[in-house]
Student: 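Here it is, the structure in full.
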Amino acid sequence: MVMIDVQNLRKDFIVSKKKKGLRGAFVDLIKPEKEIFHAVDDISFQLEKGEIVGYLGPNGAGKSTTVKIMCGILQPTSGSVMINGLSPAANRKEVVSKLGVVFGQRTQLFWDLRLGESFELLKRIYRIDDNLYQTNLKLMDDVLQINEIIDKPVRQLSLGQRMRGDLVASMLHSPEILFLDEPTIGLDVEAKYSIRKFIKEINQNFGTTVILTTHDLDDVEQLCSRIIIINHGKIIEDGPLEMLIDRIAPYRYLIVDFYKLPEEINHPEIEVMKKENTRVWLRFEKNKTSAAKLISDLSLRYQIRDLSVEETKIEDVVRQVYKS
Amino acid sequence: MLKHVKHYISVGAYSLRMSFARQLEYPSFLICWVIGNPLNYMMGVWMIGVITQRFQALNGWTYPQIAFLYGISLLSHSLSVLLFIQTWGIERMVIRGSFDRFLVRPVGVFFQFCIDYINLIGFTDMIPGVIIFVYGSSVVNFEWTFFNTIKILLVLVGATLIRGATYTILGSVAFWTKSSRSLISMVHALFERTTYYPLSIYPTVIQVIFTFLLPFGFISFYPACEFLGQDSGFDFPLEFALWTPVVGVILEIIAVSIFNRGLKKYESAGS
Ligand SMILES: Nc1ncnc2c1ncn2[C@@H]1O[C@H](COP(=O)(O)OP(=O)(O)O)[C@@H](O)[C@H]1O
Ligand SMILES: [Mg+2]
C-alpha cells in the first residue's frame, strides 16, 4: 500500500540579493534584486506502508523543505504530495491527524511548563481517549523512560531528554507516518541508542512508516531498509543501502598485522591501501573472492600475528555519492 | 458540529490554563503591568476631566458622557488584548518560523495561534475599564434594563472583533512582506485618537474615513451616541447596537480569510 506519493515536487524560494554598503542599500530599496532558488527541484518517490526510509543529503540539500511540504507546513511551487491518498495542502487537518513530526533542531514542547503539560494539550488536540493515552505513555516509558522526566519543566531537560519528550509528543496519537528531521543531532551514544530502539519498536509494533533525515550514518545502517539521497534539490540515489554499497564500493578490507612487514604483497585480488608499522590495510572486491581464501593464501607466504575483516564504511560511500 | 465545538472548547480551555501557568512563572513582569496599565488609563481619563472642566464640554459632550465612551473603548481594548495580542507579533513569528507547530496539528491554525498565549495583561487594562465605565454609566444615568444590557454586551463583542480583526489584517501583511510591526504601532495610535474621544470633534473627512474606510467609529463613538442620545453626524438605519457586532463579524471573517491566505505564503525558516 502506497503511504506517501510524491510527484515532480518543486519548491522555489525567492531570495533578495543584498548589495554592499550605503549605496547598495539605496539601490536595494529602489530596485531590489530578486533571485529564484530551487530548494526542491523535481523530486518523485513513493513510500510503502511500514517502510523506514533514510532521507540523506548534505546541508542545504533540501531535506527539511521536502519534509515540510509533506507535512503541510509549506505549499509546493508545483508537483504533488499525497499522504494516504489525500493532499496535505487541501485536507490539512485530516492529513496531519495521522502524522507525527519531530524537528530535531526545534522543540514543539512548552519551554516553561512541565513536560506532561505539553502531552496533556496534545491529548486534547488529537482527541486521544484516556485508554489509548495511558497505553501509549506506558509503552513509551518502557523504551524512553519518559516517567523520569515527565514532571520536570522542559527548560531544565538535557538535549537528549528533550528529544525523548519530543518523540513521545509526536507518537501519542499513534500516527501512521512519522517524520523525523535530524532526531539524533547533538545527542550522546546512550540517547541515540534509545531513540533508535524506539523507532525500531514503533515500526515493528504499529507498522508506522518512518522518514528519517540524519547525518549520522549509524542511524541509517541500523534502521533504514531504503535510502534516498538528494543534493541541490534533486534525487541522486534511491534504493536499499546494500545495493548502493555494492554498486559504488563493493569492497571489504582485510587488516593484517605481520610479525615482519613484507617488502611487497603480490596477490591478484588484493590492493594495498595503507601501511603502518607492521600493519597493512588490504582491499578486495567481495564478490570476486572471499576473506577466507585470501587469509589462507597470505598465511602460506607470511607470518601473520593478527587480522580482522572490515566492511566498507557507509560514510565513504555516501561521501562519494555527494561528490558525484 | 457540537463535537467540533466541544473539541475547540477543550483545547481552548487547556491552552488558557497553560498560558496562565506560563505567565505566573514570571510574576515580576506581571506586577509592572498590574500597576502601570491601570495608572496609565486612569490618568488618561483624568486629563479629559481637567480639559472638559477648564474649557467646557467637548463638542457638546459632558465629562461623564466622555467617561462612558472611554469605558466602552477601554473594555473592548482589554478584551482584544486578551484574545488577539498574538496578532501583534505575526512579524516575529513569520521570521522565526513559529507557525510550523500549529500547521502540523489538526485544529484551525488561527484558533491555535490566538489561544496559544492568552495574555494576562488584558486583565490589567480591564480593571480601569470597568471602573471608568461604571462611573460613566452611573453619572449619565444609564438604565440597566434587560435590553440595554444585551445591547452593551453586543457592542463590546463587536468592538472587540473590530479591533482584533484590524490587528489580524495588518499583522498578516508580514506573510507577504516579512514585516508588519510598524503597521500595528500605527493602528494603536489611531485607535487611541478615534475611540477615546467623540469622533465628532474631528473634521467631516476624518469622520467619513473612520466610518466607512476604517470603521473604528463603531467601536465606541456610534454606540455611545445612541445610548446617550448624542448627534452622530450620520444617519444609519437600524440601531448601532446592531451595527457594531455586524461590522465586527464581517471584519473578522475578512481578517481570518486574509490570515489563511497569508499562511499559504508562509515559508517557515531554514532548518
Ligand atoms: N524559508 C526559506 N527562505 C529562503 N530559503 C530557504 C528557506 N528555507 C530553506 N531555504 C534554502 O533552501 C535550501 C534547502 O534547505 P533545507 O531544506 O533546510 O536543507 P536541508 O537539506 O539541510 O534540510 C537551503 O539552501 C536553504 O538556505
Ligand atoms: Mg534540515
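Throughout, a chain's letter reflects where its sequence line sits, starting with A, and its residues are numbered from 1. Side chains included, hydrogens not; waters and symmetry mates left out as well; all remaining heavy atoms used.
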Student: For the pair B:H7 (side chain) and A:R124 (backbone), establish whether a donor and an acceptor sit closer than 3.5 Å, ignoring hydrogens and angles.
Tutor: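 Looks like yes, one N/O pair under 3.5 Å.
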
Student: I need the residue from A:L121, A:L74, A:V101, A:L122 with the largest number of non-hydrogen atom pairs under 4.5 Å to chain B.
Tutor: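 It is A:L121.
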
Student: More than 12 foreign heavy atoms under 6.0 Å from CZ of B:F20: is that the case here?
Tutor: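 Above 12, so yes.
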
Student: Among A:K11, A:R155, A:E94, A:K123, which residue has the highest count of heavy-atom pairs closer than 4.5 Å to chain B?
Tutor: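 If we count pairs closer than 4.5 Å to chain B, A:R155 comes out on top.
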
Student: Give the minimum heavy-atom separation between A:E117 and B:M18, together with the two atoms involved.
Tutor: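 That closest heavy-atom pairing would be O-CE, 3.7 Å.
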
Student: Would the number of heavy atoms belonging to other residues, nucleotides or ligands and lying under 6.0 Å from NE2 of B:H188 be above 12?
Tutor: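 It does: B:H188 NE2 has more than 12 such atoms within range.
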
Student: Against chain B, label A:A89 side chain, backbone, both or neither, depending on which of its atoms sit under 4.5 Å from a heavy atom there.
Tutor: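 For A:A89, backbone heavy atoms alone lie under 4.5 Å from chain B.
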
Student: Is B:F99 in contact with chain A via its backbone, its side chain, both, or neither, using a 4.5 Å heavy-atom distance?
Tutor: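 Neither part.
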
Student: Of all of B:R22, B:Q112, B:K265, which one pairs up most often with chain A through heavy atoms under 4.5 Å apart?
Tutor: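 Highest number of pairs under 4.5 Å: B:R22.
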
Student: Stepwise, does the side chain to side chain contact (heavy atoms under 4.5 Å, CB included) test hold for A:F110 with B:D116?
Tutor: CA-CA 10 Å; A:F110 284 92; B:D116 190 51; 3.5 Å; yes

Student: Decide if atom NZ of B:K6 counts as having more than 12 heavy atoms of other residues, nucleotides or ligands within a radius under 6.0 Å.
Tutor: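 Atom NZ in B:K6 is not crowded, with 12 or fewer foreign heavy atoms closer than 6.0 Å.
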
Student: Of all heavy-atom pairs between A:L113 and B:A21, which one has the smallest distance, and what is that distance?
Tutor: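 Taking A:L113 first and B:A21 second, the nearest heavy atoms are CD2-CB, 3.7 Å.
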
Student: Of the non-hydrogen atoms in B:S268 and A:I73, which two are nearest, and what is the gap between them?
Tutor: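 That would be CB-CG2, 4.1 Å.
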
Student: Considering residues, nucleotides and ligands other than B:W88, do more than 12 of their heavy atoms fall under 6.0 Å from its CH2?
Tutor: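 Yes, enclosed.
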
Student: If you define the side chain from C-beta out and look only at heavy atoms, does anything of A:K93 sit under 4.5 Å from B:V107?
Tutor: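 In short, these two side chains do not touch, never coming nearer than 4.5 Å.
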
Student: Take B:R105 and A:Q108, measure what side chain to side chain contact (heavy atoms under 4.5 Å, CB included) needs, and give me the verdict at the end.
Tutor: CA-CA 11 Å; B:R105 292 178 179 170; A:Q108 309 219 17; 3.4 Å; yes

Student: In Å and rounded to the nearest 0.5 Å, what is the SG to CG distance from A:C71 to B:L103?
Tutor: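 Interatomic distance, A:C71 SG to B:L103 CG, rounded to 0.5 Å: 8.5 Å.
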
Student: Please flag which part of A:I125 lies under 4.5 Å from any non-hydrogen atom of chain B: side chain, backbone, both or neither.
Tutor: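 Interface part for A:I125: both.
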
Student: Could you tell me which of A:Q75, A:K63, A:R92 has the largest number of non-hydrogen atom pairs under 4.5 Å with chain B?
Tutor: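 Most heavy-atom pairs under 4.5 Å with chain B: A:R92.
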
